[in-house]
Amino acid sequence: MKRYQPPVVSLFEPGSFDPTKHWYPKAQNAQMHSMVAFFLRMKPSAIVTRYCHLHPQVKESALREVLAYEPKYLLHAGADLFHVTDSQGNRKMVVIETNSCPSGQKSMPLLDEGQEQGGYRAYIAQTFAPVLRARRPKLNGGLAVLYDKNPMEASGYAAAMADHFQEPVFFVPFFEHDEDPPARFNDGILEVRVVNEEWKPMRAAFRYVTQKPWSRIPVHTKTLILNPILACLAGGRNKMVAAKAYDFFNADLNGSGLSILTPETIWDVRKNQLSLYLAKFGGQAVIKVPYANAGQGVFTIVQPEEFEAFLKRDFTYDLFIIQSLVGNYRWSSQTSKGTFYHVGTMPNSRQETYVADIRMMVHHTPQGLMPVSVYARQARSPLADTLTKGTDSWDMLGTNLSIDNHDGTFSTDASRLLMMDRRDFNKLGVSVDDLIDAYIQTVLSMVAIDKMAQQLVNQKGQFRQRLFKSLNPDDALIKEIMI
């Protein structure tokens, strides 16, 4: 079998930004829905006032402090959330996972049509550039974007970076199984192979490396990497540690009226123990490989046949997490907090409702942690009221758009994308208050992971390997981490 050959390093010069290359075709001329635009233009003070008005148990000072939080490691993140309700009709936004390399810009209609670079430029100007200015000690070298997925969006950041800094930016493929990658780390400094096989040092890089990034990017680097690998290990690419980070932060939030809402989660579960916890959830649950992403390594179990098929698989890692499943009112996991089920999309002409999640992207700015992009994704098949033998639950419940091509690359099923435009947004059946709820849940999860990342570094700035291993006792993962 011929080894996959990644593309060569390319260069984005100032003035090279082309919107047609960095947005989905359906997003290029889309008009943002007025309700979403209103939400994105809300000031933090107005969001606090509104949220506390609807949630009087929340302490206003605590919410202000969370929204003004200054992260040290996780500077931008995207949370995937389900819009759920219970038998009493209490609707909530529930965090499914938090992503330290989130996508979303290519799906987002422009908030300001006079700013054609949209969220790409907003992130570079308000998040990346201030951190680079404050970086000590200063390094000489170029600027780069590292990627192993989503070149449409990753290249948008490279083009926006070139315009903001008025210098060329290297666009560097960095794939997991590449035997001779065009990027390497030399004494903590990122070097990129350019023309004539010359290795050029980089002073900073935007990272869109998603597949086991800790296997080829060190935990500590002299080159500024956003987001750094520590943010991935602390929960941004590690669902196991993320679940614990949420739990610890919820304890800190006790008495504030705030909490991160997630499905009931059991961690550090070995394969031979999963049947016990599946029974605890009434035979319906979600099993996850904690370190996979892009919709890979997630298994929805609603019938015995699906669990039997799961058990026949071989896995690299030793530990799993198992979560309560959010399904239809007639078939969802039984938990100590009751049963939640999907609100789903508005019924179509065939009276079908689809599961959809919402991706909320947030970044650190001088104004605090602010939303920069929102979009939604719809499952392939409508949500069934009753289960029949042979039902494929993933088609009903899985929303990720990524498709693994099994050659080191991914493609996207954009037909299931729901944008925040005048056409798609109404299908979601959400309000401004729901968007505020999603934003606050995203911020809370982002802060939890950043706080966990800070705990994983000692006073000398070194990675606390023993602590990490106690939190994540998975030897297969530990061996992959590049210190």
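Numbers for residues simply follow the sequence, beginning at 1. None of the values given here were measured: they were computed from a predicted structure. Heavy-atom basis, side chains included; hydrogens, waters and symmetry copies ignored.
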Quick one: does [X]'s side chain get under 4.5 Å of [Y]'s, heavy atoms only?
X: V430; Y: M93; answer: yes
X: R359; Y: N99; answer: yes
X: L444; Y: L253; answer: yes
X: F206; Y: H76; answer: yes
X: P173; Y: V9; answer: yes
X: F468; Y: V219; answer: no
X: Q31; Y: E113; answer: yes
X: V326; Y: I96; answer: no

Presence of salt bridge, [Y] and [X], under 4.0 angstrom:
X: K244; Y: D268; answer: yes
X: D80; Y: R377; answer: yes
X: R237; Y: E480; answer: no
X: D148; Y: R216; answer: yes
X: K271; Y: D318; answer: no

Quick one, H363 with T127, criterion side chain to side chain donor-acceptor pair (under 3.5 Å). Give me CA distance, side-chain angles, the key distance, then yes/no. CA-CA 7 Å; H363 66 139; T127 304; 2.8 Å; yes
Say you draw a straight line from [atom1] of [X] to [atom2] of [Y]; how long is it, rounded to the nearest 0.5 Å?
X: D314; Y: L311; atom1: CG; atom2: CG; result: 11.5 Å
X: M240; Y: D474; atom1: CE; atom2: CG; result: 6.0 Å
X: M420; Y: L111; atom1: CE; atom2: CG; result: 13.5 Å
X: F17; Y: M161; atom1: CZ; atom2: CE; result: 12.0 Å
X: K288; Y: E97; atom1: NZ; atom2: CD; result: 5.5 Å

Counting only heavy atoms not in [X], do more than 12 sit closer than 6.0 Å to its [atom1] atom?
X: D112; atom1: CG; answer: yes
X: K138; atom1: NZ; answer: yes
X: N140; atom1: CG; answer: no
X: F38; atom1: CZ; answer: no

Does any N or O in the side chain of [X] come within less than 3.5 Å of the main-chain N or O of [Y], such that one atom is a donor and the other an acceptor?
X: R203; Y: G141; result: yes
X: S100; Y: A231; result: no
X: Q28; Y: W23; result: yes
X: N227; Y: L75; result: yes
X: K200; Y: F170; result: no
X: D450; Y: L74; result: yes
X: Q367; Y: P44; result: no
X: N458; Y: R464; result: no
X: Q166; Y: D163; result: yes
X: T223; Y: M202; result: yes

Less than 6.0 angstrom separating the ring centers of [X] and [Y], yes or no?
X: Y208; Y: F171; answer: no
X: Y157; Y: Y147; answer: no
X: H33; Y: F39; answer: no

Heavy-atom closest pair, residues [X] and [Y]:
X: E13; Y: P168; answer: OE1-CG, 3.3 Å
X: G118; Y: L110; answer: CA-CD2, 3.7 Å
X: R207; Y: P228; answer: NH2-O, 3.7 Å
X: S324; Y: P263; answer: OG-CB, 3.4 Å
X: L146; Y: I217; answer: CD1-CD1, 4.3 Å
X: M419; Y: A27; answer: SD-CB, 3.4 Å

Intermediate values then yes/no, side chain to side chain donor-acceptor pair (under 3.5 Å), T98 and Y246: CA-CA 11 Å; T98 309; Y246 302 155; 2.7 Å; yes
Kindly determine whether Q126 and V372 satisfy side-chain contact (heavy atoms from CB on, under 4.5 Å), including the steps that lead there. CA-CA 11 Å; Q126 298 174 24; V372 67; over 6 Å; no
Test side-chain contact (heavy atoms from CB on, under 4.5 Å) on V374 and Y439; report intermediate values, then the result. CA-CA 10 Å; V374 193; Y439 160 61; over 6 Å; no
Check step by step if side chain to side chain donor-acceptor pair (under 3.5 Å) holds for S103 and Y375. CA-CA 10 Å; S103 67; Y375 69 98; 3.2 Å; yes
Under a plain distance cut-off of 3.5 Å, with no hydrogens placed, do [Y] and [X] share a side-chain donor-acceptor pair?
X: T399; Y: D357; result: yes
X: Y291; Y: T316; result: no
X: H22; Y: Y120; result: no
X: D437; Y: Q441; result: no

May I have the step-by-step check of side-chain contact (heavy atoms from CB on, under 4.5 Å) for L230 and Q454, ending in yes or no? CA-CA 9 Å; L230 194 62; Q454 293 185 45; over 6 Å; no
Given ring pair (Phe, Tyr, Trp, His ring centres under 6.0 Å), test F320 with F310 step by step and report yes or no. CA-CA 12 Å; F320 299 85; F310 167 84; 5.7 Å; yes
Please identify each residue that fulfils side-chain contact (heavy atoms from CB on, under 4.5 Å) with K222, with sequence neighbours left out. L139, D187, I189
Which residue, I301, V269, V286, forms the side-chain contact (heavy atoms from CB on, under 4.5 Å) with I322? V269
Walk me through whether L456 and Y73 qualify under side-chain contact (heavy atoms from CB on, under 4.5 Å). CA-CA 11 Å; L456 293 175; Y73 297 104; over 6 Å; no
Run Q211 and K149 through side chain to side chain donor-acceptor pair (under 3.5 Å) and show every step you take. CA-CA 9 Å; Q211 308 300 306; K149 184 176 178 283; over 6 Å; no
